[in-house]
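Data block below; observations after.
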Amino acid sequence: VGLTGRLLIGGPDIAPLIHLPALEPLLRYLLYGLALAWFAWVLWTRRHAPPHPIGEYGLALIAALLLSPITWEHAAVFLLLPGLYLTSRALQSDPAVDRWTIGLLGFAMLASCVPAGVIWQDIYRTTQPAPAPSWLNLVQPYPLVFVACYLALGRSLMRIGRSPYVRSTA
């Protein structure tokens, strides 16, 4: 179950944050629209820039993971390519990687270190056989990690494509 399903529908092992199953498809499509709009905006601002295969592939990869209806715990390994790409650019002092991009990437790295699965399992064991409390949905850092990486990579790619003074070193 994806993020909107966890928040609005819940499941056998976790209560919904707000029980509004009829609102879930609308919220899911709204979030899908925002993710696709960001993807389109980044590519549109880069239309005259030279291609950046690693960055653009990483952006498409994160977009696909964001739009996935399954949970994201097992897909975090796919953030390695875009994360390492941005990190290497930041270490090279690439002007396309500004403070906001580094901040978003740093937040994603710190949030991915939160042992949410361990915390979740301990709380889940104490509430069995009843569903876990709904606020546990907000402890999961994975959606925030994906969104932060998505915004950081898109911002870096847009800065390369928009300014004639920002050149890629990759």
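Because the structure is a prediction, the values reported are computed rather than measured.
- A ring-centre distance under 6.0 Å is not found for Trp41 and Trp38.
- If you take CZ on Arg155 and CG on Asp98, they are separated by 4.0 Å, rounding to the nearest 0.5 Å.
- To the nearest 0.5 angstrom, Leu105 atom CG is 10.0 Å from Leu110 atom CG.
- Met109 contributes atom CE, which lies 3.5 Å from atom OG1 of Thr87 (distance to the nearest 0.5 angstrom).
- Across Ala35 and Tyr150, no two heavy atoms sit closer than the pair O-OH, 2.7 Å.
- To the nearest 0.5 Å, atom CG of residue Leu86 and atom CG of residue Leu153 are 5.0 Å apart.
- When all heavy atoms of Tyr85 and Gly55 are compared, the pair lying nearest together is CE2-CA, 3.6 Å.
- The backbone N or O of Ala96 sits nowhere less than 3.5 Å from a side-chain atom of Arg89 that would complete a donor-acceptor pair.
- Taken together through direct or relayed side-chain contacts under 4.5 Å among Ile, Leu, Val, Met, Phe, Trp and Tyr, Tyr57 and Trp44 form part of one hydrophobic cluster.
- For the pair Thr101 and Ala152, the tightest heavy-atom approach, listed with the atom from each and the gap, is CG2-O, 3.4 Å.
- Remark: Ser156 OG to Asp94 CG distance equals 6.5 Å, nearest 0.5 Å.
- Scanning all heavy atoms of the two residues, the minimum distance from Val145 to Ala111 falls at CG2-CB, 3.6 Å.
- The line from CE of Met158 to CG of Leu59 is 10.0 Å long, rounded to the nearest 0.5 Å.
- Within a 6.0 Å radius of CZ in Arg99, other residues, nucleotides and ligands contribute 12 heavy atoms or fewer.
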